[in-house]
2 protein chains.
Amino acid sequence: MIIFIPPATSTPVNIMETKPDNMIRITTQRQIILEELAKVKTHPTASELYDMVRKRLPRIGLGTVYRNLELMAENGMILKLEVGGTQKRFDATTDTHYHIRCSGCGRVDDIDTPVMDDLVKEAAASSSYLVQGHHVEFTGVCPSCQEKNKDVTYQ
Amino acid sequence: MIIFIPPATSTPVNIMETKPDNMIRITTQRQIILEELAKVKTHPTASELYDMVRKRLPRIGLGTVYRNLELMAENGMILKLEVGGTQKRFDATTDTHYHIRCSGCGRVDDIDTPVMDDLVKEAAASSSYLVQGHHVEFTGVCPSCQEKNKDVTYQ
DNA sequence: CGGTATAAAAATAATCATTCCCAACATCTT
DNA sequence: AAGATGTTGGGAATGATTATTTTTATACCG
């Protein structure tokens, strides 16, 4: 069950956002994309999401999925994961948490290591960048890839 | 000045490496790609490196750059950074260290926050993955993008 | 040294993810 | 209802990367 933030009280906009904060309209497509994303605990790519959404909206275009994921990420409704691998992944949970990516199949899962908010302060002290955020990404072998490669010895 | 590991004593191979450890030949192209990568403290993309290398080897192909970066990364001679953004980046320094990526221009720099080796142990305890490694990626605004956007207020 | 096998390079085509563009349609504003 | 604006679908365009094919360079063996 998804609760939609009504346009009038829309969520805060990104840092570096130039245009005055625009509210985004909740179209059928947007609603269903968001619902499908929220349904899963994995972090689907745009085309995985496209396949999921198409079961309910067979005529939706892939471009629409991309466009709206981007838009919802900009508005802080979802999280765009810029992790390793070739494709971007999306996450309906927007509060800070870390991820682990399978080096075998590319799948991404949440990992519940405590978030280290101090890291940003530390980094700010030792860099000329204006530090905005951080992300920790673990790499490993997921259960199903371990199963597939029983013969291989990891160390 | 770059020291090349002679084929006979080549560097250790990756975990999950299937084929017996093959030595790689040091060709002119490889040598120059590696030299150019080691020259800079930034973390160039394949095509940035292509441009750098072309000044010394005008007839080199982009494919050669990609192929050799991949190969050298597999052999542990360099590091392939699978960070956010659209392109992969490469790093001549192979020991663990963290990075910061500019949200304006995509540039990636090293950041000298202490490496937290315990993180992997922690993650292993709270996950069904076989945890292999980790990476911390900060995001921020680099000095030159700060300069370009004096009018914007960051918070 | 010459001939053959093998590895790597160059050139080019193919693929994949993503973005862009545009005509048709929907929704807001007055 | 009319005009302005926003959104969609579909397809073309782009950009990064990978694969394929041909050519060139290096290694191996007598």
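A, B, ... follow the sequence lines: proteins, then strands. Residue 1 opens every chain.
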All N/O donor-acceptor pairs, side-chain side in residues 62-73 of chain B, below 3.5 Å, sequence neighbours left out:
| residue | atom | partner | partner atom | Å |
| --- | --- | --- | --- | --- |
| B/T64 | OG1 | B/R67 | NH2 | 3.3 |
| B/N68 | OD1 | B/R30 | NE | 2.7 |
| B/N68 | OD1 | B/R30 | NH2 | 3.3 |
| B/N68 | ND2 | B/T64 | O | 3.1 |
| B/E70 | OE1 | B/K80 | NZ | 3.1 |
| B/E70 | OE2 | B/K80 | NZ | 2.9 |

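Look at CG on A/N75: it is 10 Å from P on D/dT7, rounded to the nearest Å. The CD-P distance, from B/Q31 to C/dA9, rounds to 12 Å in whole Å. If you measure from atom CG of A/L71 to atom C1' of D/dT7, you get 10 Å, rounded to the nearest angstrom. For the pair B/L57 CG and D/dT24 C1', the interatomic distance rounds to 15 Å; values are reported in whole Å. Taking atom CD1 of B/I26 as the reference point, atom P of D/dA25 lies 19 Å away to the nearest angstrom. Straight-line distance from the CD atom of A/Q29 to the P atom of D/dT8: 5 Å, rounded to whole Å. As rounded to whole Å, 15 Å separates atom P of D/dG6 from atom CG of A/N68. B/Y50 places its OH atom 10 Å from the C1' atom of C/dA11, with the value rounded to the nearest Å.
Panel note: side chain A/E82, backbone B/G85; a donor-acceptor pair is recorded below 3.5 Å. The main-chain N or O of B/G140 is found under 3.5 Å from a side-chain atom of B/S103 such that the two form a donor-acceptor pair. In this structure a side-chain-to-backbone donor-acceptor pair under 3.5 Å is missing from B/Q87 to B/A46.
Looking at the side chain of B/T64, the nearest of the listed nucleotides D/dA27, C/dA10, D/dT7 is C/dA10. Comparing C/dA7, D/dG9, D/dT8 by their nearest atom to the side chain of A/I60 picks out D/dG9.
Checking the phosphate oxygens (OP1, OP2) of D/dT7, a side-chain nitrogen or oxygen of A/R30 falls inside 4.0 Å. Contact annotation: B/T27 side-chain N/O to C/dA7 OP1/OP2 distance is not under 4.0 Å. The phosphate of C/dA11 (OP1 or OP2) has a side-chain N or O of B/R59 nearer than 4.0 angstrom.
When every heavy atom of B/S126 is checked against every heavy atom of A/I111, the shortest pair comes out as OG-CG1, 4.1 Å.
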Please tabulate the protein-to-nucleotide N/O contacts below 3.5 Å involving nucleotides 12-19 of chain C, giving atom names and distances.
| residue | atom | partner | partner atom | Å |
| --- | --- | --- | --- | --- |
| C/dA17 | OP1 | A/Q87 | OE1 | 3.4 |
| C/dT18 | OP1 | A/K88 | N | 2.8 |
| C/dT18 | OP2 | A/Y66 | OH | 2.4 |
| C/dT18 | O5' | A/Y66 | OH | 3.3 |

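Counting only N and O atoms by type, the side chains of B/D110 and B/H99 include a donor and acceptor under 3.5 Å apart.
The residue B/R67 sits close to a base: some heavy atom pair falls under 4.0 Å.
The aromatic rings of A/H134 and A/Y98 stand perpendicular to each other, their planes meeting at an angle above 60°, with 30° marking the opposite boundary.
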